[in-house]
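Worksheet: the structure to be examined is printed underneath.
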Amino acid sequence: MIIQQVIRFILMLLLQVLVFNHILIGAYIYPSFYIYFILLLPFETKGWVLLLSAFLIGLGVDFFSNSLGMHAGASVFMAFCRPAIIRMLTAGKENETGSSPGMKSSGFSWFLTYSFLLTLLHHSMLFLLEVFGFSDFKQTLFRIILSTIATMILVILAQLIFYKQDKR
């Protein structure tokens, strides 16, 4: 299980810094596919492991992007909010031991809501840290919305690809 998470961590980091950081889709869209790693961590991941993992993947993206800790900060914020979002969405239902959030284990609508809320929180923090204030708030809000949509498309596509492979 740990080896699988380490491989996923390395794969997400490499995909982000080698592929998605170099895709230019206008000045407003920044696909943050690396957060998929945080989204897929098992439900019972301990808080300190969740925060440390988010910090390390964000720091890795920062290192290769020269972004001075913005990704680390946004990733840790997202990881901090994750347990509350899960509690809010599950509302008393127990998750299977060893399971991870995903379309297969949680259903499409649950996973869509879960990933959308966390992606929106991540991008809000990322772009607000980037401008470090509320100047040009409309432009920042536009970037948050478009980047959230782009990242969600990538996350849903990845889930659909791997979900179909699990069914076979």
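Reckoned from all heavy atoms, side chains included, excluding hydrogens, waters and symmetry mates. If you read the sequence from its start, that first residue is 1, and numbering goes on from there.
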Can you label the angle between the [X] ring and the [Y] ring as parallel, tilted or perpendicular, going by 30° and 60°?
X      : Y      : result
Phe20  : Phe33  : tilted
Tyr114 : Trp110 : parallel
His71  : Tyr30  : tilted

Interatomic spacing from [atom1] in [X] to [atom2] in [Y] - rounded to 0.5 Å:
X      : Y      : atom1 : atom2 : answer
Met103 : Gln159 : CE    : CD    : 5.0 Å
Ile144 : Phe127 : CD1   : CZ    : 7.5 Å
Phe80  : Leu121 : CZ    : CG    : 11.5 Å
Ile145 : Ser124 : CD1   : OG    : 9.0 Å
Gln5   : Ile3   : CD    : CD1   : 11.5 Å
Met78  : Ser32  : CE    : OG    : 9.5 Å

Among the clusters formed by ILVMFWY side chains lying less than 4.5 Å apart, do [X] and [Y] turn up in the same one?
X      : Y      : answer
Ile35  : Leu160 : yes
Met12  : Ile7   : no
Met125 : Phe132 : no
Leu129 : Val131 : no
Leu11  : Ile23  : yes

Under a 4.5 Å cut-off applied to non-hydrogen side-chain atoms, are [X] and [Y] in contact?
X     : Y      : answer
Leu39 : Leu118 : yes
Leu41 : Arg82  : yes
Ile57 : Ser53  : no

For [X] against [Y], the heavy-atom pair lying closest together:
X      : Y     : answer
Gly69  : Asp62 : CA-OD2, 3.0 Å
Val61  : Leu13 : N-CD1, 3.5 Å
Val17  : Asn21 : CA-ND2, 3.7 Å
Pro101 : Leu40 : O-CD2, 3.2 Å
His22  : Leu18 : CD2-O, 3.4 Å
Leu50  : Ala79 : CD2-O, 3.3 Å

* Say whether Arg8 and Tyr36, considering side chains only, have a donor N or O and an acceptor N or O under 3.5 Å apart. => no
* Without hydrogens or angle criteria, can the side chains of His123 and Thr151 be said to hold a donor-acceptor pair below 3.5 Å? ->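 The answer is yes; a qualifying pair exists.
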* Asked: Should Phe111 and Val155 be marked as a side chain to side chain contact (heavy atoms under 4.5 Å, CB included) after you check the CA-CA gap, both sets of side-chain angles, and the distance that decides it?
  -> CA-CA 10 Å; Phe111 184 76; Val155 165; 3.8 Å; yes
* CA sep, side-chain torsions, deciding dist, call: Phe108, Ile156, side chain to side chain contact (heavy atoms under 4.5 Å, CB included) -> CA-CA 9 Å; Phe108 179 78; Ile156 297 302; 4.2 Å; yes
* Start with the C-alpha gap between Ile38 and Ser75, add the side-chain angles, then the distance that decides, and say whether side chain to side chain contact (heavy atoms under 4.5 Å, CB included) holds. => CA-CA 8 Å; Ile38 302 165; Ser75 297; 3.9 Å; yes
* Check the surroundings of atom CZ in Phe9: do more than 12 heavy atoms from other residues, nucleotides or ligands lie under 6.0 Å from it? =>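 Yes - once you tally the heavy atoms of other residues, nucleotides and ligands closer than 6.0 Å, there are more than 12.
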* To do: Kindly check if the number of other-residue, nucleotide or ligand heavy atoms within 6.0 Å of CD1 (Ile2) is above 12?
  => no
* Strictly under 6.0 Å, is that where the ring centroids of His122 and Tyr34 end up? ->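 For His122 and Tyr34, the ring centres are under 6.0 Å apart.
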* **Under 3.5 Å: donor-acceptor pair, side chain of Thr119, backbone of Met152** => no
* For the pair Gln139 and Tyr28, evaluate side chain to side chain contact (heavy atoms under 4.5 Å, CB included) and give the outcome as yes or no after the intermediate values. => CA-CA 8 Å; Gln139 181 180 0; Tyr28 293 103; 3.4 Å; yes
